[in-house]
Amino acid sequence: MDSLTHIVLGACMGEAFAGKTLGKKAMLWGALAQSIPDIDFVAAFWMNTTSSLLAHRGFTHSLLFCALITPLFALTAEWLHRSHNICLKRWLLFFGFVIFIHIFIDAFNNYGVGWFEPFSHLRISFNAIYVADPFFSIWPGIACAALLILKINNQQRKKWWRAGLGLSAVYLLYCLFNKALINREVKNILQQQQITYTSYFTTPAPLQNWLWFVAAGDANGYHVGYRSVFDSKKEITFQYFPCNDSLLQPFKNHQDLQQLIRFSQQFYTVEKWNDTLVFNDIRFGQVIGWQNPKEHFAFHYFLQYPTQNKLVVQRGRFEGWNWQAAKSLFERIKGT
């Protein structure tokens, strides 16, 4: 999830753990612990783009990192707050839980999390919630704001952290329900439309959980389209994108290409934009593809110009967005 969501979630967890004992300092500890796995952002300062893609949500989002960093936090907090009589075991359980929750919920979007690094490069991706979903983040956000305003001895504080954490958990369960519904419908539609595939995935379109991006295909190419949970028609209008693997031949020994293929988990296509060769990681969807089925993919990497890919994950997410694009998203969510 986005950094702000992790901060407010952690703050609510900190309040739940020791708000009565430590006051608002407990919120600070929770926010710090919930944010620590994202320390991997510093890798971008010395790594090239493709190496940084793999470093992000890699080791610092692993179970091993969680096990190593938890005692450091616990020992520090126990030393600083010894007068409050919170035993080391409780600190260990608190920080272990909060840090684990970070790497757990990050696995619910499409980037992928290296839970088993450095022993395995397997990336876990449940593709159930968009990386920045305001309907998930708003509840702990409001709760955190209320907790910052309310005095420490206010009896309403407990209700606020419970609401913040509880409603976000309910929404995540709702997202999983939508995921199961969409997957079942997509499988039936692929069969009805006689589309053969060896792999497929579904992932939410930006900022919500009702319209989903769908991709199904094989080593030759992918059929991509959109499906709303409110669609009544048992069909999907697919656009086909060939993989074009043969275009990669001049770059087959380049490290950045090998890292891109690993990062994409084999969900990629290649195309030419004029004289520029572009590698697309299709897991990140299209640039307003619900409006134009032939649009470019949000994640596009210029193979001949590696220095022009600094914001390769972010640059396509909201490219071309305006009031008309937002309106068309809302209209497509309503279903066909």
Side-chain angles (χ1 to χ4, degrees), residues 53 107-113 122-131 133 175-176 178-229 231 233-245 247-248 260-271 273 278-301 312-313 315-320 328-329 332-333 335-336:
L53 286 171
F108 282 82
N109 53 59
N110 56 9
Y111 196 98
V113 178
L122 175 68
R123 292 265 174 157
I124 308 299
S125 305
F126 300 136
N127 287 305
I129 187 170
Y130 192 69
V131 66
D133 188 329
C175 293
L176 291 174
N178 284 345
K179 173 77 172 179
L181 174 68
I182 289 293
N183 278 358
R184 183 174 68 248
E185 291 182 347
V186 166
K187 285 183 178 180
N188 290 336
I189 290 170
L190 288 171
Q191 184 176 16
Q192 291 172 12
Q193 295 184 203
Q194 298 182 338
I195 294 176
T196 59
Y197 62 96
T198 56
S199 58
Y200 88 102
F201 72 89
T202 59
T203 194
L207 303 175
Q208 47 75 60
N209 202 257
W210 298 284
L211 182 64
W212 292 66
F213 175 72
V214 180
D218 52 28
N220 296 316
Y222 287 92
H223 301 268
V224 305
Y226 290 84
R227 180 74 181 173
S228 170
V229 296
D231 281 348
K233 292 183 179 179
K234 301 301 180 182
E235 62 181 26
I236 297 176
T237 302
F238 285 105
Q239 181 69 38
Y240 184 75
F241 291 87
C243 280
N244 291 324
D245 258 343
L247 296 176
L248 295 176
L260 285 168
I261 292 173
R262 174 182 151 193
F263 175 71
S264 71
Q265 300 178 35
Q266 301 296 321
F267 287 107
Y268 68 88
T269 67
V270 184
E271 57 188 350
W273 296 5
V278 180
F279 181 100
N280 302 306
D281 185 334
I282 68 174
R283 297 174 303 147
F284 293 86
Q286 292 173 285
V287 177
I288 55 175
W290 57 88
Q291 185 172 298
N292 179 8
K294 295 183 179 181
E295 262 290 3
H296 295 312
F297 290 100
F299 182 109
H300 46 272
Y301 184 96
V312 65
V313 175
R315 65 183 171 195
R317 281 178 174 166
F318 299 107
E319 182 183 332
S328 67
L329 174 62
R332 183 61 189 86
I333 287 173
T336 58

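Owing to the predicted nature of the structure, the values given are computational and were not obtained by experimental measurement.
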Worksheet item: Which heavy-atom pair separates Leu53 from Val313 by the least distance, and what is that distance?
Response: CD2-CG2, 3.4 Å
Practice prompt. Taking the side chain as every heavy atom from C-beta outward, state whether Asp133 and Asn109 have any atom pair closer than 4.5 Å.
Written response: no
Worksheet item: From Tyr200 OH over to Asn183 CG, what is the distance, rounded to the nearest 0.5 angstrom?
Response: 3.5 Å
Fill in: Lys179 side chain reached by Phe126 side chain, heavy atoms, under 4.5 Å
no
Worksheet entry | Nearest heavy-atom neighbours spanning Gly316 and Val287 | O-CG2, 3.5 Å
Discussion item. One pair to check against side-chain contact (heavy atoms from CB on, under 4.5 Å): Leu207 and Phe318. What are the steps and the verdict?
Written reply: CA-CA 10 Å; Leu207 303 175; Phe318 299 107; 3.8 Å; yes
Item to complete: Give the C-alpha distance, both sets of side-chain angles, the deciding distance and a yes or no for side-chain contact (heavy atoms from CB on, under 4.5 Å) between Arg317 and Val131.
Response: CA-CA 11 Å; Arg317 281 178 174 166; Val131 66; 3.7 Å; yes
Practice prompt. Please round to the nearest 0.5 Å and tell me the distance separating atom OG1 of Thr237 and atom NE2 of His223.
Written response: 13.0 Å
Worksheet item: Roughly how far apart are Gln286 CD and Asn280 CG, rounded to 0.5 Å?
Response: 9.5 Å
Worksheet item: How many angstroms lie between CG in Asn178 and OG in Ser228, if you round to the nearest 0.5 Å?
Response: 9.0 Å
Practice prompt. Could you give me the CA-CA distance, side-chain angles and deciding distance for Thr269 and Asn244, then say whether side-chain contact (heavy atoms from CB on, under 4.5 Å) is met?
Written response: CA-CA 6 Å; Thr269 67; Asn244 291 324; over 6 Å; no
Worksheet item: Between the main-chain N or O of Lys233 and the side-chain N or O of Asp231, is there a donor-acceptor pair closer than 3.5 Å?
Response: no
Fill in: Thr198 side-chain N/O to Gly217 backbone N/O, donor-acceptor pair under 3.5 Å
yes
Worksheet, complete the sentence: Closest non-hydrogen contact found for Val224 with Ala215 is CG1-CB, 3.9 Å
Worksheet item: Is there a side-chain contact between Leu190 and Phe238, using heavy atoms and a 4.5 Å cut-off?
Response: yes
Discussion item. Testing the basics here: between Asp218 and Cys243, what is the closest heavy-atom pair and its distance to 0.1 Å?
Written reply: O-SG, 3.8 Å
Worksheet item: Any side-chain heavy atom of Phe108 sitting closer than 4.5 Å to one from Leu176?
Response: yes
Discussion item. The test is side-chain contact (heavy atoms from CB on, under 4.5 Å); show your working for Ile261 and Gln266 and say whether it passes.
Written reply: CA-CA 6 Å; Ile261 292 173; Gln266 301 296 321; 3.4 Å; yes
Discussion item. Measuring only between side-chain heavy atoms, which start at C-beta, is Trp212 closer than 4.5 Å to Leu181?
Written reply: no
Fill in: Criterion ring-ring contact (aromatic ring centres under 6.0 Å, His included) against Phe297, the qualifying member of Tyr268, Phe284, Phe241
Phe241
Worksheet item: So, do Phe201 and Gln265 sit near enough that their side-chain heavy atoms are less than 4.5 Å apart?
Response: no
Worksheet item: Has the side chain of Arg227 got a donor or acceptor atom that lies under 3.5 Å from a matching backbone atom of Thr202?
Response: no
Worksheet entry | Sub-4.5 Å side-chain heavy-atom contact between Phe263 and Phe299 | yes
Discussion item. I want to check something: taking the side chain as every heavy atom from C-beta on, are Glu295 and Gln239 in contact at a cut-off of under 4.5 Å?
Written reply: no
Discussion item. Can you tell me how far apart CD (Glu319) and NE2 (His300) are? Round to the nearest 0.5 Å.
Written reply: 5.5 Å
Fill in: Taking every non-hydrogen atom, the tightest pair across Leu211 and Trp290
CD2-CB, 4.0 Å
Discussion item. Nearest 0.5 Å, please: how far is CZ in Phe213 from OH in Tyr130?
Written reply: 12.0 Å
Discussion item. If I compare all heavy atoms of Glu235 with all of Gln193, which pair ends up nearest, and what's the gap?
Written reply: CA-OE1, 3.3 Å
